[in-house]
Novice: 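Just passing along the structure, written as structure tokens.
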Protein chains: 2
Amino acid sequence: MYDLSMRPFKHPPVSEFVLERLLYALSDPVRLKIVRRLATLGEASCGELDGGRPKSTMSHHFRILRDVGLVNTQTVGTTHMNSLRKDDVDSRFPGLLEAILSQPE
Amino acid sequence: MYDLSMRPFKHPPVSEFVLERLLYALSDPVRLKIVRRLATLGEASCGELDGGRPKSTMSHHFRILRDVGLVNTQTVGTTHMNSLRKDDVDSRFPGLLEAILSQPE
DNA sequence: CCCATAGTTCGAATATTATCGAACTTAAGT
DNA sequence: ACTTAAGTTCGATAATATTCGAACTATGGG
């Protein structure tokens, strides 16, 4: 009973970003890798970033990344294009994303 | 059957630090606050940092902080003195700790 | 209109985690 | 010795998370 076009994803405003939740989101290896790849690719569909993992698993991780404000997802045709909310995260937590993503893998 | 003096705490070498685990450790509000206070105090006993929480709970959190390499604990008399392994963390993850701890509470 | 594609949602199993009381241990003081 | 102080460890419980299959839903193409 859900409608993709009528119910776009909820993206929290910057004012609702919470440091602890952001750190938690990034503490999962799968999610950290997603964020890393988005940082280099600029944007990517969900399918491009699964490492052979089931769609439902990836969908779960993307939702968490969206919920904490790290990722923006927009529907383009049948695919969901994801990108980092870099400016938003930077404005709320200056230097944080850079400090984390610049660390060696 | 444990012996405090014979079994000092295990502190992982810098080479074993793992970014994801460190982020996870800091994603808990209780632990993040411990680390924040250690950053300002320099060092503190376990008791000084409980927020009225039971000792067993605090002991749990300190162990996690030790296990990921964030905190050093040494026995001094009957108390355990904790301090941040700032230099170690910095050497492995330059700028990370600063970036996290400088964020507004 | 039918079908494939892309991804979400639901449900359930499994695994981790947080919290705390109770029992324990060591060091230090009396 | 006895007692207190400071933490740790154990055990149990409750809350959360991860993973994935199955069913579902738009969109776009033939």
Side-chain angles (χ1 to χ4, degrees), chain A residues 1-11 18 20-35 37-38 41 43-68 70-83, chain B residues 1-11 18 20-35 38 43-68 70-83:
Chain A
M1 198 67 68
Y2 81 104
D3 185 337
L4 208 60
S5 59
M6 303 301 262
R7 271 181 31 192
F9 299 107
K10 231 165 249 147
H11 295 97
V18 177
E20 288 89 332
R21 304 220 309 137
L22 199 138
L23 295 177
Y24 178 77
L26 293 175
S27 74
D28 181 277
V30 177
R31 291 192 292 264
L32 181 57
K33 178 154 257 171
I34 291 176
V35 170
R37 296 215 55 205
L38 282 180
L41 293 178
E43 63 175 14
S45 66
C46 300
E48 294 177 77
L49 299 180
D50 64 10
R53 263 170 272 271
K55 293 177 175 185
S56 53
T57 298
M58 294 309 287
S59 195
H60 165 71
H61 288 304
F62 274 110
R63 190 161 87 74
I64 290 177
L65 290 173
R66 269 195 306 268
D67 285 350
V68 302
L70 276 167
V71 165
N72 178 284
T73 304
Q74 49 187 320
T75 301
V76 179
T78 71
T79 83
H80 290 176
M81 266 320 201
N82 304 283
S83 59
Chain B
M1 200 68 67
Y2 80 103
D3 185 336
L4 209 59
S5 59
M6 305 301 262
R7 273 185 22 194
F9 299 108
K10 231 164 251 151
H11 296 96
V18 176
E20 288 90 332
R21 303 221 308 136
L22 199 139
L23 294 177
Y24 178 76
L26 293 175
S27 74
D28 181 277
V30 177
R31 290 192 293 263
L32 182 57
K33 177 153 256 168
I34 290 176
V35 170
L38 282 180
E43 62 174 16
S45 66
C46 300
E48 293 176 79
L49 300 179
D50 65 10
R53 262 170 272 271
K55 293 178 175 185
S56 53
T57 298
M58 294 309 286
S59 196
H60 164 72
H61 288 304
F62 274 110
R63 191 161 86 74
I64 290 179
L65 290 173
R66 270 194 305 268
D67 285 350
V68 303
L70 276 167
V71 165
N72 179 283
T73 304
Q74 50 187 320
T75 300
V76 178
T78 71
T79 82
H80 289 176
M81 267 318 199
N82 304 284
S83 59

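Naming convention: chains lettered A, B, ... in sequence-line order (proteins, then strands); numbering from 1 in each chain. Being a predicted model, the structure only gives us computed values, none of them experimental.
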Novice: Could you walk me through whether B/F62 and B/H80 pass ring pair (Phe, Tyr, Trp, His ring centres under 6.0 Å), step by step?
Specialist: CA-CA 10 Å; B/F62 274 110; B/H80 289 176; 9.2 Å; no
Novice: B/F62 CZ to C/dA18 C1': how many Å, rounded?
Specialist: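 Result: 16 Å.
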Novice: Just call it for A/R21: base, sugar-phosphate, or nothing, with non-hydrogen atoms closer than 4.0 Å on any strand.
Specialist: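 Here A/R21 touches no strand at all.
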Novice: Looking at A/R63, I'd like to know whether one of its side-chain N or O atoms comes within less than 4.0 Å of OP1 or OP2 on C/dG7.
Specialist: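 For C/dG7, neither OP1 nor OP2 has a side-chain N or O of A/R63 closer than 4.0 Å.
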Novice: Over how many whole Å does the gap from A/K55 atom NZ to C/dT5 atom P extend?
Specialist: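 After rounding, the gap between these two atoms is 9 Å.
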Novice: Using a cut-off of strictly less than 4.0 Å, decide whether A/R31 has a side-chain nitrogen or oxygen near OP1 or OP2 of D/dT18.
Specialist: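 Looking at the OP1 and OP2 atoms of D/dT18, one of them is under 4.0 Å from a side-chain N or O of A/R31.
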Novice: Can you check the B/I64 CD1 to C/dT19 P distance for me, whole Å?
Specialist: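 Nearest whole value for this atom pair: 9 Å.
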Novice: Using whole Å, what does the distance between atom P of nucleotide D/dG7 and atom CZ of B/F9 come to?
Specialist: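 Spelled out: CZ on B/F9 to P on D/dG7 is 9 Å.
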Novice: Looking at C/dG7, C/dA6, D/dG21, which one has an atom nearest to any side-chain atom of A/P54?
Specialist: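 The nucleotide sitting nearest to the side chain is D/dG21.
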Novice: What about A/S59: does its side chain form a donor-acceptor pair under 3.5 Å with the base of C/dG7?
Specialist: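 Answer is no: no donor-acceptor pair is held.
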Novice: Let me know, please, whether A/H61 or B/T57 comes out on the 5' side of the other along DNA chain D by nearest nucleotide.
Specialist: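 The answer here is B/T57.
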Novice: Does A/S56 offer a backbone N or O that forms a donor-acceptor pair with the side chain of A/S59 under 3.5 Å?
Specialist: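 No, because the side chain of A/S59 does not come within donor-acceptor range (under 3.5 Å) of the backbone of A/S56.
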Novice: Backbone N or O of B/M58 within a donor-acceptor pair of the B/R53 side chain at under 3.5 Å?
Specialist: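 The answer is no, because no donor-acceptor pair under 3.5 Å joins these two groups.
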Novice: Any side-chain N or O of A/T75 less than 4.0 Å from the OP1 or OP2 oxygen of D/dA26?
Specialist: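 Looking at the OP1 and OP2 atoms of D/dA26, neither is under 4.0 Å from any side-chain N or O of A/T75.
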Novice: Looking at every non-hydrogen atom in both residues, tell me the closest pair between A/T73 and A/R66 and how far apart they are.
Specialist: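 Heavy atoms only, the tightest pair is OG1-NH1, 3.1 Å.
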Novice: Within less than 4.0 Å of OP1 or OP2 of D/dT8, is there a side-chain N or O belonging to B/R66?
Specialist: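 Answer yes for this pair, as a side-chain N or O of B/R66 is under 4.0 Å from OP1 or OP2.
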Novice: Whole angstroms only, please: what is the CG-C1' distance between A/D50 and C/dA6?
Specialist: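 Distance, rounded to whole Å: 11 Å.
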Novice: Want to settle it: does A/V76 or A/Y24 sit nearer the 5' end of DNA chain D, counting the closest nucleotide to each?
Specialist: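 Its nearest nucleotide being more 5', the pick is A/Y24.
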Novice: Please report the distance, rounded to the nearest Å, between CD1 in A/I34 and C1' in C/dG7.
Specialist: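 Computing the A/I34:CD1 to C/dG7:C1' distance gives 13 Å.
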Novice: Is a donor on one side and an acceptor on the other found under 3.5 Å between the side chain of B/N82 and the backbone of B/A44?
Specialist: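 Yes, B/N82 side chain to B/A44 backbone: donor-acceptor pair under 3.5 Å.
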Novice: Assign B/S56 to base, sugar-phosphate, or nothing according to its heavy-atom contacts below 4.0 angstrom with the strands shown.
Specialist: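 Since a base atom lies under 4.0 Å of B/S56, the category is base.
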Novice: For A/H60, answer base if it contacts any base atom (sugar-phosphate contacts may also be present), sugar-phosphate if it contacts only those atoms, and nothing otherwise; contact means non-hydrogen atoms under 4.0 Å.
Specialist: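 The residue A/H60 makes base contact.
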Novice: Atom NE2 of B/H80 and atom P of C/dA28: how far apart are they, to the nearest Å?
Specialist: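 Distance check: B/H80 NE2 to C/dA28 P gives 11 Å.
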Novice: For the pair made of CG in A/L65 and P in D/dA17, what is the distance, rounded to whole Å?
Specialist: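 The answer, rounded to whole Å, is 14 Å.
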